[in-house]
Protein chains: 2
Amino acid sequence: MTPQLLALLKSNPLFQNLNDHALEQVAQAAHRLRKQDGEFFFFQGDPAARVHFVIQGKVKLAQTTGDGQQVLMEYIGPGRVFSIIAMLPKARYPVSSQAVGESEVLYWPREAIVSLNEQYPTLSANMMQLMATQIGEFQNRIRELSTQRVERRIARVLMRLARQTGQRLPDGVLIDLAISRQDLAEMTGTTLFTVSRTLKRWETNGLIESRREHVIIRQPHSLVKIAEESED
Amino acid sequence: MTPQLLALLKSNPLFQNLNDHALEQVAQAAHRLRKQDGEFFFFQGDPAARVHFVIQGKVKLAQTTGDGQQVLMEYIGPGRVFSIIAMLPKARYPVSSQAVGESEVLYWPREAIVSLNEQYPTLSANMMQLMATQIGEFQNRIRELSTQRVERRIARVLMRLARQTGQRLPDGVLIDLAISRQDLAEMTGTTLFTVSRTLKRWETNGLIESRREHVIIRQPHSLVKIAEESED
DNA sequence: CGAGAATTTGAAATTACTCAACTACAGTGG
DNA sequence: CCACTGTAGTTGAGTAATTTCAAATTCTCG
């Protein structure tokens with residue numbers, strides 16, 4: 001465990017306010033794992049055995065429906081935790097997790113993370129914090145899917161991606177993540193055709209520039225306006 | 001705190017595996033609160049200060065959008081916990097909670113529940129369990145909203161309500177909960193008109209019997225078939 | 001009975017999906 | 001360097017699902 005890694009752990013909400021000894025213990029118990037682009041860390045339905053922490057690259061969490069459709073739950077970047085559910089006995093992963101680009105994670109087997117939680121209430125408080133945040137985000141997403149039209153949902157996803165992985169350019173914000181029309185469709189609950197048409201329209205109006213697998217936001221302000229809930 | 005109440009607590013997943021002493025402490029710290037039909041325990045946006053536990057009646061959790069639309073997140077019945085988010089410092093309630101029928105709850109102020117969590121790791125493990133379950137349910141709901149048509153979503157909600165509050169009748173299952181078309185619409189992300197038409201169609205085909213604010217499921221099997229994901 | 005709320009129903013409008021055909025792009029190997 | 005191949009993206013036409021709005025109807029409670 002290198003000092004850089006320790007620092008990365010330390011800066012993560014999950015390990016906030018842990019004393020050095022505790023952090024040491026946490027680091028001790030961690031395993032490292034590296035995957036190539038497109039490889040899976042685990043599949044939906046597998047018994048949930050490990051809690052993961054992204055060091056490098058991105059991980060895509062997606063749920064597949066019975067008839068093969070996909071729903072893209074989220075992208076997890078460096079310094080973020082996923083599959084907390086593995087803390088619980090007998091749980092199964094509700095999503096599959098796939099490396100996007102070469103990716104590296106730390107993970108802890110359930111037994112380890114459970115015993116750490118028992119030793120350090122701070123850790124379990126942090127974990128609850130994260131879970132609560134997650135619940136809040138999902139509630140928002142449910143609300144959006146329930147009440148908002150596709151165009152607005154796409155705008156909101158772009159804003160969110162820009163916030164999470166946005167790179168400032170002289171003339172706009174680049175979403176620094178290879179993302180296809182299909183991906184956007186799976187994130188917003190629509191089809192790639194509708195996404196394509198919508199992005200095209202925005203491009204024509206100068207709001208964005210859309211390249212193959214990439215989007216640059218040229219007029220964030222206009223996009224925000226579409227993303228907001230008010231009608232006018 | 002009566003023995004019945006203690007028993008109710010004891011039977012709840014949240015308080016599972018707590019020893020008697022711990023349970024005693026939990027009970028000590030609880031406050032009781034009773035509300036009339038339609039009254040609110042708290043409103044969306046209020047600082048989240050209390051964790052609640054339903055003793056009697058039902059509580060409706062709903063989120064209101066900027067433009068006044070509602071999204072009904074869930075109904076909470078006796079023996080269930082809500083607003084766990086209040087464990088966290090500085091959180092705000094993401095939903096409003098309204099009594100459905102005369103209702104009674106126990107609640108714990110944040111300080112109390114936080115200190116109980118620190119004393120009893122079992123309690124915090126249980127709490128995480130509940131939160132994880134919640135996350136899983138929300139993920140399912142997101143998937144449904146993203147990929148399924150209204151008819152199927154309505155069928156699924158009816159099945160769920162039947163499971164949660166269903167009462168066996170000689171000839172079917174009564175959903176024992178005053179529930180309007182509007183409510184169903186808010187639960188499934190559609191309009192009351194579409195709900196009305198859909199229920200009417202099912203009634204015509206003998207799948208259900210629909211009364212004002214009530215639904216009786218006559219042919220659970222057929223409804224399950226509509227609710228399932230396979231196409232055919 | 002009467003008032004208000006819940007529900008039904010019809011018709012029109014809209015949104016988004018489906019499917020098929022086409023175009024653009026990136027990487028590969030000759 | 002270019003043809004080739006596969007993937008990503010675009011576009012049009014037709015269709016299906018769902019919403020919107022207005023109006024009529026039914027139910028419940030006081």
Side-chain angles (χ1 to χ4, degrees), chain A residues 37-38 60 65 67-72 100-101 144-158 175 177-205 207-216 226 231, chain B residues 36-38 60 65 67-72 98 100-101 144-158 175 177-205 207-216 226 231:
Chain A
D37 182 45
K60 175 173 155 178
T65 67
D67 57 338
Q69 290 180 81
Q70 276 216 343
V71 179
L72 211 168
V100 178
E144 289 175 14
L145 284 167
S146 297
T147 65
Q148 297 172 0
R149 312 203 174 207
V150 169
E151 182 183 46
R152 177 159 297 162
R153 302 206 301 265
I154 297 174
R156 291 176 93 92
V157 164
L158 287 186
I175 292 174
L177 179 62
I179 191 159
S180 67
R181 304 291 180 264
Q182 179 68 44
D183 291 331
L184 284 171
E186 288 172 5
M187 281 191 266
T188 50
T190 180
T191 62
L192 79 161
F193 306 102
T194 300
V195 171
S196 175
R197 279 183 237 274
T198 304
L199 293 189
K200 196 70 199 180
R201 183 152 31 87
W202 288 343
E203 179 156 41
T204 306
N205 298 338
L207 297 204
I208 65 169
E209 190 177 328
S210 83
R211 302 271 178 70
R212 174 181 253 231
E213 310 228 83
H214 284 279
V215 176
I216 300 170
I226 294 174
E231 301 289 332
Chain B
Q36 298 305 311
D37 182 44
K60 175 173 154 177
T65 67
D67 57 339
Q69 290 180 81
Q70 276 215 343
V71 179
L72 211 168
Q98 187 176 24
V100 178
E144 289 175 12
L145 284 167
S146 297
T147 64
Q148 296 171 0
R149 298 193 200 289
V150 169
E151 181 183 48
R152 178 158 296 161
R153 301 205 303 264
I154 297 174
R156 292 176 94 91
V157 164
L158 287 186
I175 292 175
L177 178 62
I179 192 160
S180 67
R181 304 291 180 265
Q182 178 68 43
D183 291 331
L184 284 170
E186 289 172 5
M187 280 190 268
T188 50
T190 181
T191 61
L192 79 162
F193 306 102
T194 301
V195 171
S196 175
R197 279 181 237 273
T198 304
L199 293 190
K200 195 69 200 182
R201 183 151 33 86
W202 287 342
E203 179 156 41
T204 306
N205 297 340
L207 297 205
I208 65 169
E209 190 178 328
S210 84
R211 302 270 178 71
R212 174 183 256 230
E213 312 231 80
H214 284 279
V215 176
I216 300 169
I226 294 173
E231 301 291 330

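A, B, ... follow the sequence lines: proteins, then strands. Residue 1 opens every chain.
Without hydrogens or angle criteria, A:Arg181 side chain to A:Val195 main chain gives no donor-acceptor distance under 3.5 Å.
Between the CD atom of A:Glu186 and the P atom of C:dC17 there is a distance of 13 Å, given to the nearest Å. In this structure, A:Arg153 atom CZ and C:dT15 atom P are separated by 13 Å, rounded to whole Å. At whole-Å resolution of the value, CZ in B:Phe193 and C1' in C:dA6 are 11 Å apart. Rounded to a whole Å, the NE2 atom of A:His214 is 12 Å from the C1' atom of C:dA26. Atom CD in B:Glu213 sits about 15 Å away from atom C1' in C:dT8, given to the nearest Å.
Within 4.0 Å of B:Ser180, counting heavy atoms only, lie sugar-phosphate atoms of the nucleic acid but no base atom. At the heavy-atom level, B:Arg212 lies under 4.0 Å from base atoms of the strands shown. Within 4.0 Å (heavy atoms only), B:Glu151 reaches no atom of the nucleic acid at all.
For B:Ser210 and C:dT8, the shortest distance from a side-chain N or O to OP1 or OP2 is below 4.0 Å. OP1 or OP2 of C:dT8 has at least one side-chain nitrogen or oxygen of B:Ser196 nearer than 4.0 Å.
Of the candidate nucleotides C:dC19, C:dT8, C:dA6, C:dC19 has the atom nearest to the side chain of A:Arg197.
A:Leu207 places a side-chain heavy atom less than 4.5 Å from the side chain of A:Ile226. A:Thr65 places none of its side-chain heavy atoms less than 4.5 Å from the side chain of B:Gln148. Side-chain contact between B:Thr191 and B:Val150 is absent, with no heavy atoms from C-beta onward closer than 4.5 Å. For the pair B:Asp67 and A:Thr147, the minimum side-chain heavy-atom distance is 4.5 Å or more.
Map B:Leu199 and A:Arg149 each onto its nearest nucleotide of DNA chain C; the residue landing nearer the 5' end is B:Leu199. Mapped onto DNA chain D by nearest heavy atom, A:Val195 and B:Thr191 fall at different nucleotides, with A:Val195 at the one closer to the 5' end.
Bracketed by its first and final contacts, the part of DNA chain D lying under 4.0 Å from non-hydrogen atoms of chain A reaches from D:dT7 to D:dT20 in 5' to 3' order.
Environment of CZ in A:Arg201: crowded, with over 12 heavy atoms of neighbouring residues, nucleotides or ligands closer than 6.0 Å.
None of B:Arg152, B:Arg149, B:Arg156 except one satisfies the side chain to side chain donor-acceptor pair (under 3.5 Å) rule with B:Glu144; the exception is B:Arg156.
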